[in-house]
Undergrad: 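I'd like to ask you about the structure that follows.
Numbers restart at 1 for each chain; the letters A, B, ... are given by sequence-line order, proteins then strands.
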Amino acid sequence: MKVALFITCYNDTLFPEAGRAVVAVLERLGHTVEFPAGQTCCGQMHYNTGYQAEALPLLPRFVAQFRHAEAVVVPSSSCVTMMREHYPGMAQRLEKEHPGIVDEVASLLPRVWEFSEFLTKKLGLKDVGAYYPHRVTYHASCHGLRGLALGDGPETLLANVRGIDLVKLDKVEQCCGFGGTFAVKNAEVSSAMLAEKTTAVLNTRAECVTACDNSCLMHIGGALHRQRTGVQTVHIAEILAGDEA
Amino acid sequence: MSGGTALNPKTAPPFPIAATAMVGNTQLRKNVRHATDVIQAKRARVVGEMPDWQALRDAGSAVREHTIRNLPFYLEQFERNCTAAGGHVHWARDAAEARAIVVRLAQEAIARGRTAPSIAGRPAGEPQGTHPGAGEAADGVALQGEVIKIKSMTTEEIQLNRALESVGIHPYETDLAELIIQLGQDQPSHIVVPALHKNRQQIREIFLREMKLEHLGESPQDLADAARRFLREKFLRVETAISGANFLIAETGGVCVVESEGNGRMCLTLPKTLITLAGIDKVVPRFQDLEVLLQTLPRSATGERMNPYNSVWTGVGKGYAAGDGPEHFHVVLIDNGRTEVLADAEARQTLHCIRCGACQNACPVYRETGGHAYGSVYAGPIGAILTPQLLGMHYAQSLPYASSLCGACYEVCPVKINIPEVLVHLRGRVVEENTGGLKTITNPEAMAMKAAGAIFRSEGRFRAAQRLGRMGETPLERRDGQGQKWVSWLPGMLGGWTNVRDLRAMPQQTFREWWEERERKGAPAGEAG
């Protein structure tokens with residue numbers, strides 16, 4: 001299949017290794033990958049902080065980049081949630097200026113997949129032939145858990161990785177406290193929530209914590225590093241890209 | 001004994017400031033975490049027993065949506081049927097009107113009590129018992145007296161107790177948690193479990209001090225016994241009661257109150273006058289609608305299959321029922337901002353709320369702060385959307401941001417209010433209020449957001465910003481023991497991040513730069529490094 005990547009603005013800028021791992025997994029599975037260069041941001045930060053007008057122009061840009069894609073893969077459940085929840089409504093507001101955008105968004109959205117969801121739901125895979133000999137715990141980000149209802153898809157993929165020692169995280173359904181600009185606007189509450197999460201992570205004695213979102217991982221990893229715990233954070237794609245060779 | 005400064009969104013500090021103080025209160029956080037953990041586990045268990053839980057949520061949502069869409073019709077129907085049954089319906093536009101009506105009704109009831117023998121066969125109004133309020137009734141001028149109260153968040157919303165006290169009427173809370181709050185001169189921190197932030201030891205201390213007891217055990221039984229003795233005397237003496245309402249039934253003109261302790265029922269049946277306050281959003285069309293709501297409300301609220309006490313009463317006692325229940329029955333219907341909420345199509349679903357508090361228990365933000373940080377009797381996720389709408393956004397701009405948008409509140413809501421969706425909508429209204437022309441220029445957040453928006457609208461500007469960010473960040477980067485670069489200090493608004501978290505330094509190559517390099521080299525397959 002020909003897969004177009006929407007790599008997200010923060011992965012592009014801060015976590016390019018997640019994007020490179022997505023490419024590696026998809027190519028190993030025999031798919032052709034393309035990266036439309038005009039892409040920037042899904043608009044979530046603006047939209048969720050109340051700057052909806054600022055987010056609007058990013059939708060026609062997204063549609064223009066991906067309208068012909070067979071499948072769009074995004075290594076972020078947060079950005080995909082933004083698209084599924086808000087793009088239809090945003091398109092309504094843009095229809096006058098951009099006639100036809102409501103229909104275009106309606107036809108494009110079913111082709112947009114979060115990375116692990118693409119593997120499990122679209123391709124029907126449980127095992128992508130990865131090797132990763134580490135003790136790992138999985139953080140189900142709120143957007144993956146509730147926004148996209150990923151269910152046990154990501155954990156199934158991880159459980160089938162050779163060499164992995166996958167351990168359950170206590171209170172896996174509880175938010176890590178990132179919440180985009182929430183982490184800065186309500187820094188104290190955010191860090192209290194984060195402390196509960198890092199305690200749960202440390203209790204697993206895992207070497208690394210993984211998730212389908214680098215945003216949560218940036219938050220959790222930042223605290224784990226500040227506390228000098230030595231626990232690493234890796235995007236799920238980096239684990240699934242692991243090779244024995 | 002009247003309670004401290006009421007929670008008032010108009011004077012409350014912004015959420016981040018109030019929350020910071022709460023986060024520092026480890027005893028309070030421990031109490032709140034423990035209580036919410038217990039209630040959530042109970043809720044999950046009894047919800048899990050229901051094979052049709054999602055269908056019940058859909059049904060509850062449909063009932064509420066239909067009602068709110070046709071609110072004027074059902075309110076008028078309620079008024080007609082309530083009046084026909086011997087009740088009196090009063091309409092209050094705002095808190096002040098509601099307070100004035102209730103105070104007048106209470107004064108009239110107390111005056112009636114002075115001219116007629118009481119149910120207990122004693123001349124009413126004469127000082128009884130040993131507590132303060134009762135002995136001071138005879139100054140001959142003001143109509144001093146007492147009322148008993150059933151737990152009601154609506155009376156807290158309009159700060160009724162203070163209004164009653166200001167004319168010499170002392171209200172006694174009879175709900176156990178509300179009694180704890182009142183005796184402790186505290187404020188409710190949860191809509192269903194108002195004293196959830198207090199532990200047993202703290203409650204014991206309040207009872208010892210305020211009930212003037214010499215001995216009191218520590219078990220829940222001991223505390224319940226003390227409360228029972230304290231309240232029984234009030235039930236038997238006070239002839240006027242004030243209640244809230246869980247539901248108003250349009251079809252019959254009846255009022256429904258659900259509770260756990262039976263103290264509410266004592267207030268509904270013993271006093272001669274009953275004054276019920278309810279927001280206009282509390283109406284449901286039919287008696288049959290309770291079938292759905294009385295399955296979902298207790299399970300969501302306290303993790304019980306059914307409330308121990310479910311009372312529905314209609315009008316006044318007549319015929320065989322004379323002498324059982326109130327002789328005088330009033331319902332005060334309060335708008336207090338609700339019509340404004342109704343007018344906002346995207347936020348209207350806020351009014352579907354049946355006040356179960358499940359969103360509070362599920363909310364990770366509430367869990368860390370307790371209810372007082374929200375500056376309103378409505379705390380947690382529902383408070384974060386309700387308070388700014390009832391009061392006007394101007395007074396509570398920080399509340400729509402008091403959420404990480406994790407969606408746990410939406411998941412547990414028995415009537416499927418999409419709270420995150422409403423939060424985001426209200427954030428848009430906050431930004432609208434704070435931007436435009438000069439307001440934007442003097443608002444650092446708005447300036448940053450506008451700049452970022454401009455960057456994302458152009459691929460070229462985005463690339464340039466990535467390069468600039470890398471350069472700007474370089475002086476702040478430090479290598480750790482593993483040789484990785486991290487940032488431990490950021491200036492200004494972003495300092496909130498680096499207070500407790502490090503930030504990994506920006507890598508030397510963005511994904512798109514890597515991709516372009518790879519394309520130039522001729523796309524090697526499967527390279528992840």
Side-chain angles (χ1 to χ4, degrees), chain A residues 7 9 11-14 16-17 19-21 23-24 27-28 35 37-41 43 45-52 54-55 57-58 61 85 142 146-147 173-175 177-194 218-219 221-223 225-226 238 241 243, chain B residues 15-16 19-20 23 29 364-365 367-369 400-408 410-411 421 424 426-431 446 449-450 452-453 455-459 462 466 469 480 486 488 493-494 496-497 499-504 506-507 509-512 514-516 525-529:
Chain A
I7 222 70
C9 62
N11 280 320
D12 183 11
T13 311
L14 298 169
E17 65 274 21
R20 296 199 295 265
V23 175
E27 289 184 345
R28 190 171 70 205
F35 176 79
Q39 62 180 279
T40 59
C41 170
M45 177 182 76
H46 284 100
Y47 198 91
N48 280 354
T49 310
Y51 294 82
Q52 280 109 17
E54 298 295 322
L58 301 177
R61 164 173 287 277
E85 284 182 356
C142 300
R146 303 194 185 88
E173 74 296 333
Q174 195 164 304
C175 178
F178 174 59
T181 48
F182 173 79
V184 175
K185 280 176 173 278
N186 284 285
E188 298 289 339
V189 183
S190 169
S191 52
M193 290 158 72
L194 176 58
M218 175 170 75
H219 176 68
H225 189 263
R226 173 66 60 89
E238 295 174 72
D243 248 318
Chain B
F15 182 81
T20 299
V23 168
R29 282 174 69 200
V365 174
R367 194 181 153 77
E368 304 294 349
T369 63
Y401 293 94
S403 164
S404 64
L405 303 180
C406 81
Y410 181 29
E411 187 174 58
E421 181 180 280
V424 169
L426 296 179
R427 290 177 184 190
R429 282 177 52 187
V430 170
V431 168
M449 283 288 176
K450 300 259 170 206
I455 287 166
F456 290 137
R457 282 198 294 278
S458 142
E459 184 198 345
F462 180 47
Q466 288 179 321
D480 67 8
W486 289 80
S488 303
M493 290 189 286
L494 299 174
W497 182 273
N499 278 342
V500 289
R501 285 153 291 218
D502 291 338
L503 184 67
R504 213 187 57 170
M506 287 167 73
Q509 193 182 39
T510 62
F511 177 84
R512 66 182 63 227
W514 171 80
W515 179 267
E516 281 154 2
E527 186 205 348

Undergrad: Heavy-atom distance under 4.5 Å between the side chains of Val23(A) and Phe511(B), does that happen here?
TA: yes
Undergrad: Flag the one option from Ala183(A), Gly179(A), Pro57(A) with the top tally of heavy-atom pairs under 4.5 Å to chain B.
TA: Ala183(A)
Undergrad: Using a 4.5 Å cut-off on heavy atoms from C-beta on, say whether the side chain of Thr369(B) contacts that of Phe15(B).
TA: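 They are in contact (side-chain heavy atoms under 4.5 Å apart), so the answer is yes.
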Undergrad: What part of Arg367(B) gets closer than 4.5 Å to chain A, counting heavy atoms only: side chain, backbone, both or neither?
TA: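 When you check distances to chain A, only side chain atoms of Arg367(B) fall under 4.5 Å.
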Undergrad: So which heavy atom on Phe456(B) is nearest to which on Thr40(A), and how close?
TA: O-OG1, 2.7 Å
Undergrad: Can you tell which of Glu188(A), Arg146(A), Glu85(A) has the highest number of heavy-atom pairs within less than 4.5 Å of chain B?
TA: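 The option with the most such pairs is Arg146(A).
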Undergrad: Could you check which of Gln509(B), Glu459(B), Glu421(B) has the highest count of heavy-atom pairs closer than 4.5 Å to chain A?
TA: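 Of the candidates given, the most pairs with chain A belong to Glu459(B).
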Undergrad: Sort out for me which of Asn186(A), Leu194(A), Val184(A) touches chain B most, counting heavy-atom pairs under 4.5 Å.
TA: Asn186(A)
Undergrad: Please answer whether the main-chain N or O of Leu14(A) pairs with a side-chain N or O of Arg504(B) as donor and acceptor at a distance below 3.5 Å.
TA: yes
Undergrad: For chain A, which candidate among Pro16(B), Ala402(B), Pro400(B) shows the most heavy-atom pairs at distances under 4.5 Å?
TA: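 Winner by heavy-atom pair count: Pro16(B).
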Undergrad: Who are the ring pair (Phe, Tyr, Trp, His ring centres under 6.0 Å) partners of Tyr401(B), not counting sequence neighbours?
TA: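 In terms of ring pair (Phe, Tyr, Trp, His ring centres under 6.0 Å), with neighbours along the sequence ignored, Tyr401(B) is linked to no residue.
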Undergrad: Which one, Gly496(B), Ala408(B), Ala19(B), leads in non-hydrogen pairs under 4.5 Å with chain A?
TA: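 Max contact count across the listed options: Ala408(B).
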Undergrad: Determine the minimum heavy-atom distance between Thr13(A) and Pro507(B), stating which atoms define it.
TA: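 Looks like O-CD, 3.3 Å.
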Undergrad: Using a cut-off of under 4.5 Å for heavy-atom pairs, which of Cys175(A), Gly180(A), Ala223(A), Gly222(A) has the most such pairs with chain B?
TA: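 Option with the greatest count: Gly222(A).
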Undergrad: Name the option with the most non-hydrogen atom pairs under 4.5 Å to chain B; the candidates are Cys9(A), Ala55(A), Gly221(A).
TA: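 Top option by heavy-atom pairs under 4.5 Å: Cys9(A).
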Undergrad: Where does Ser403(B) contact chain A at under 4.5 Å (heavy atoms): side chain, backbone, both or neither?
TA: backbone
Undergrad: Select, from Val500(B), Leu426(B), Asp502(B), Asn499(B), the one with the greatest count of heavy-atom pairs under 4.5 Å involving chain A.
TA: Asp502(B)
Undergrad: Quick check: do Arg20(A) and Trp514(B) have side-chain heavy atoms less than 4.5 Å from each other?
TA: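 With C-beta onward as the side chain, the pair touches.
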Undergrad: Among Met45(A), Glu238(A), His219(A), Glu173(A), which has the most heavy-atom pairs under 4.5 Å with chain B?
TA: His219(A)
Undergrad: Mind checking whether Trp497(B) and Met218(A) have side chains closer than 4.5 Å, heavy atoms only?
TA: yes
Undergrad: Of all the heavy-atom pairs spanning Ile7(A) and Gly19(A), show the shortest one and how long it is.
TA: CD1-CA, 3.6 Å
Undergrad: Need one label for Val365(B): side chain, backbone, both or neither, based on atoms under 4.5 Å from any heavy atom in chain A.
TA: both
Undergrad: With a 4.5 Å cut-off on heavy-atom pairs, point out which of Gly453(B), Ala446(B), Gly428(B) contacts chain A the most.
TA: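 Looking at each option in turn, the highest pair count goes to Gly428(B).
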Undergrad: Would you mind telling me which of Arg512(B), Met506(B), Gln466(B) has the largest number of heavy-atom pairs within less than 4.5 Å of chain A?
TA: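 It is Arg512(B).
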Undergrad: Which heavy-atom pair separates His46(A) from Met449(B) by the least distance, and what is that distance?
TA: NE2-O, 2.8 Å
